[in-house]
K.L.:
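Next up is a structure, given as structure tokens.
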2 protein chains.
Amino acid sequence: MTRAGSWVPTTPPTLADVAEVAGVSRQTVSNAVNNPDLLRPDTLARVLDAIDELGYSPNRAARNLRTRSSHLIGLRFAPAQEHTANALMDRFVHSLVETSSAAGYHVLLFPGDPEDPTAGYDQLLRSTAVDAFVATDTYLGNPQATWLETRRAPFVAFGRPWDNEEAVHPWVDVDGAAGVELATTHLVERGHQRIAWVGWRKEQVIGEDRRAGWTRAMRSRGLSTTGLASRSDDTVHSGREASAHLLDEASPTGFVCASDTLAMGVLHTLGERGLVAGRDVAVVGFDDSQVAQVVPPGLTSVRQPLEEVAVEIVRHLEGLLTHPPVRGGGVLLTPELVVRGSS
Amino acid sequence: MTRAGSWVPTTPPTLADVAEVAGVSRQTVSNAVNNPDLLRPDTLARVLDAIDELGYSPNRAARNLRTRSSHLIGLRFAPAQEHTANALMDRFVHSLVETSSAAGYHVLLFPGDPEDPTAGYDQLLRSTAVDAFVATDTYLGNPQATWLETRRAPFVAFGRPWDNEEAVHPWVDVDGAAGVELATTHLVERGHQRIAWVGWRKEQVIGEDRRAGWTRAMRSRGLSTTGLASRSDDTVHSGREASAHLLDEASPTGFVCASDTLAMGVLHTLGERGLVAGRDVAVVGFDDSQVAQVVPPGLTSVRQPLEEVAVEIVRHLEGLLTHPPVRGGGVLLTPELVVRGSS
DNA sequence: GTGAAAGCGCTAACAT
DNA sequence: ATGTTAGCGCTTTCAC
């Protein structure tokens, strides 16, 4: 019985099949795949030919069982919130898939149980379904990072452990303050002096961090920030109200926002008042969402280097998964500003 | 040696560990997990207690090896194109993750090699890393579906096999023509008579399908379509130019677009001419992207029922993965119209 | 209803 | 440099 030709699908070829065709032992085939250097060139060639001929690819389950590793990275996939402009996940996931694939890992998606945020992690961990996790939602008070640490689960966080100074897990994050500082400085250089901040509520650590970038940029130029800041929810509506209020009370000529969603609210207000973004008033958002890219006249926005984030995460992951593990520290990346018509 | 208490992580408990604690044999534990009906209630309870106590979860690799199935669904993850408003993937992936998880499957993401679109599929298939695929980019000329069919790989397509009438694989798709018809009728009911179509190039089968919905709605009301159609690339710029041209030549009072991206171009043109969307001219997009949701005054758009799509896909998948497989046919779902300020 | 034996396909350790 | 042996943890016969 041959497998060649136009045969109906059978069970895939195994190591033993290849060994037989190549006239070597199974172990030699295994070595050809995993430690080619151990083989004599001519033996290697013969084995590789056989592998090619049969279309052999090692059975993952068997390999996983033996090596106690799945080469799978778990990622809890939460979708972008509706009615916001925030769609980082899409870009990030793509970068992660690309990068980890290059490193020999695949990405396993699992849903989050809102009731029990650690449930999905626990399940995958105990069943040894994944080798490690990438934790993306490490916001204040989220128990995941701490939980993963106590479980000694290998994981890298996308996001700083804001709330936990004892955290020792590796993380990668983007310097929001630096991004907003970039944005603010950009407006200053465009001649603006009264630049307003449209941000999130005080409880949002990330929002406060971004706000600090605005404060820093303003102060370093000797510009006043008094009466120029507002904080609200991350909705278009809030951005609209906040900017209307700011325009009335403080007559800013520029707005720096904690998100593209809020920036859209600002554009909304400008439109209502017959003001033209980029001509009468400058607006800068955060995240370089698709909205920023397509809304007329184009929204200047802070863009997170998600490709780099993925690269750093995978680098950390590879470190964690070697024997013995190499624990890296935190990595803070700097975003860039994408300038468009709105400024 | 006990595993209980605050012990440092060891290798996870196995079937044998549970068996020992419960005072039964390994098979009985296996049965307790997979065929609880076979056990006597008291034995079952004892085993479940032991499972709980040890925090046992079956080792996936071992189970996969034995059952020759991974309970993993492969999905090639392509990111949303930059500079378009299209971000379906995010919503779809989430729905798929949720639904397949409920059915006991996880989603495995893999990157697409632009050079060789079938490479990733082939690899996963041969290494038996996934049980099935969900193929999302089954556009005209894409070899994936055909390739998967000849390989007899279990897969469900999100998208009709437009180009291949001999295709027998299960698919789920959204009726774009019906969606556009909905949109057009909506404008007619709002009193519009001269409704323009801003679509994609003729080669885009999906675009032609959507266009047919416009034609159908117009003709059924006895409205002329002459001079009211345009076709271009799926970019904001194209939508802008096309709508400018249409306004000059045919004075439409409403625009139905093949995508939110094109609709954004139309909004752009309206803004330039001092026309207000929703008051002077009505605009409808397609996809209900985040852009449609946040752009002022809100873009009316056709929304694909991606949650339902995921449900149908998983239903088909479950059929394919039973023994013997149950091959379903195609499923065509109807989108809905989300009405906002632009109409 | 429960237990014993076998083996899925692979790789680590050792022997040659 | 290549072959032999053993076993990862599980489920599937098949006895009892």
Side-chain angles (χ1 to χ4, degrees), chain A residues 3 10-48 50-51 54-72 104 124-129 131 323, chain B residues 3 10-48 50-51 54-72 104 124-129 131 323:
Chain A
R3 300 179 185 287
T10 169
T11 95
T14 73
L15 216 50
D17 296 327
V18 177
E20 194 181 346
V21 169
V24 293
S25 77
R26 289 177 1 200
Q27 186 53 41
T28 302
V29 180
S30 176
N31 285 337
V33 174
N34 301 309
N35 302 88
D37 301 343
L38 295 181
L39 300 208
R40 228 174 33 214
D42 59 320
T43 322
L44 179 59
R46 218 166 63 241
V47 175
L48 291 182
I51 287 176
L54 296 177
Y56 168 76
S57 187
N59 180 304
R60 297 285 282 223
R63 175 177 275 183
N64 293 350
L65 178 57
R66 189 59 239 233
T67 63
R68 300 171 167 287
S69 81
S70 62
H71 279 229
L72 252 35
L124 291 171
L125 201 53
R126 287 199 321 215
S127 59
T128 60
D131 289 349
H323 299 289
Chain B
R3 299 179 185 287
T10 169
T11 93
T14 73
L15 217 49
D17 297 327
V18 178
E20 194 181 346
V21 169
V24 295
S25 76
R26 296 180 355 214
Q27 299 47 299
T28 303
V29 181
S30 176
N31 284 337
V33 174
N34 302 308
N35 303 88
D37 301 343
L38 294 181
L39 301 208
R40 232 177 25 219
D42 58 322
T43 322
L44 179 59
R46 218 168 63 243
V47 174
L48 291 182
I51 287 177
L54 296 177
Y56 169 77
S57 187
N59 180 301
R60 297 285 283 220
R63 175 177 273 184
N64 293 349
L65 177 58
R66 187 62 238 227
T67 62
R68 298 172 167 288
S69 81
S70 62
H71 278 228
L72 251 35
L124 292 171
L125 199 53
R126 287 198 320 212
S127 59
T128 60
D131 288 350
H323 297 289

K.L.:
Within the structure, does a side-chain N or O atom of B/T43 lie under 4.0 Å from either OP1 or OP2 of C/dT2?
P.N.:
yes

K.L.:
How long is the line joining CG of A/N34 and C1' of C/dG9, in whole Å?
P.N.:
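After rounding, the gap between these two atoms is 13 Å.
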
K.L.:
Rounding to an integer number of Å, can you tell me how far A/H323 NE2 sits from C/dA12 P?
P.N.:
10 Å

K.L.:
Side chains of B/N64 and B/S70: do they bring a donor and an acceptor to under 3.5 Å?
P.N.:
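B/S70 and B/N64 do not have a side-chain donor-acceptor pair below 3.5 Å.
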
K.L.:
Take atom CD of B/Q27 and atom P of C/dG1, then tell me their distance rounded to the nearest Å.
P.N.:
16 Å

K.L.:
Of the candidate nucleotides D/dG3, D/dG9, C/dG9, which contains the atom at the shortest distance from the side chain of B/R68?
P.N.:
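The listed nucleotide nearest to B/R68's side chain is C/dG9.
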
K.L.:
Whole Å only: how far is the CG atom of A/N31 from the C1' atom of C/dT11?
P.N.:
9 Å

K.L.:
Which comes earlier along DNA chain C counting from the 5' end, the contact point of B/T28 or that of A/P58, where each point is its nearest nucleotide?
P.N.:
B/T28

K.L.:
On DNA chain D, does the nearest nucleotide to A/L38 precede the nearest nucleotide to A/R26 from the 5' side, or the other way round? Give the residue.
P.N.:
A/L38

K.L.:
Could you give the CG-to-P distance, from A/D37 to D/dT2, as a whole number of Å?
P.N.:
13 Å

K.L.:
Nearest to the side chain of A/L65, which nucleotide is it out of D/dT11, D/dC10, D/dC8?
P.N.:
D/dC8

K.L.:
Rounded to the nearest angstrom, tell me the gap between atom OH in A/Y56 and atom C1' in C/dG9.
P.N.:
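Rounded to the whole Å, the gap is 8 Å.
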
K.L.:
How long is the straight-line distance from CG of A/L15 back to CD of A/E20, given to the nearest 0.5 Å?
P.N.:
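Answer rounded to 0.5 Å: 12.5 Å.
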
K.L.:
Please report the interatomic distance CG(B/L39) to OG1(B/T28), rounded to the nearest 0.5 Å.
P.N.:
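Reported value, rounded in 0.5 Å steps: 6.5 Å.
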
K.L.:
Could you please name the option among D/dG3, C/dC10, C/dT2 that lies closest to any side-chain atom of B/L39?
P.N.:
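Nearest to the side chain of B/L39 among the choices is C/dT2.
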
K.L.:
Take atom CG of A/L15 and atom P of D/dT4, then tell me their distance rounded to the nearest Å.
P.N.:
14 Å

K.L.:
Check whether more than 12 heavy atoms from other residues, nucleotides or ligands sit under 6.0 Å from atom CD of B/Q27, and answer yes or no.
P.N.:
yes

K.L.:
Among the nucleotides C/dG9, C/dT11, C/dT2, which one has an atom lying closest to any side-chain atom of A/S30?
P.N.:
C/dT11

K.L.:
From the list C/dT2, D/dT11, C/dG9, which nucleotide is the closest neighbour of the side chain of B/R63?
P.N.:
D/dT11

K.L.:
Which listed nucleotide (D/dT2, C/dG3, D/dC10) is nearest to the side chain of B/R66?
P.N.:
D/dC10

K.L.:
Which atom names give the shortest non-hydrogen contact between B/A32 and B/V47, and what distance separates them?
P.N.:
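Minimum heavy-atom separation between B/A32 and B/V47: CB-CG1, 3.5 Å.
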
K.L.:
Choose from D/dT4, C/dG3, D/dC10 the nucleotide whose nearest atom is closest to any side-chain atom of B/N59.
P.N.:
D/dC10

K.L.:
For B/A62 and for B/S25, locate the closest nucleotide of DNA chain C by heavy-atom distance; then report the residue assigned to the nucleotide nearer the 5' terminus.
P.N.:
B/S25

K.L.:
May I have the distance from B/L44 (atom CG) to C/dT2 (atom C1'), rounded to whole angstrom?
P.N.:
13 Å

K.L.:
Under 4.0 Å, heavy atoms only, any strand: does B/N64 hit a base, just the sugar-phosphate, or nothing?
P.N.:
nothing

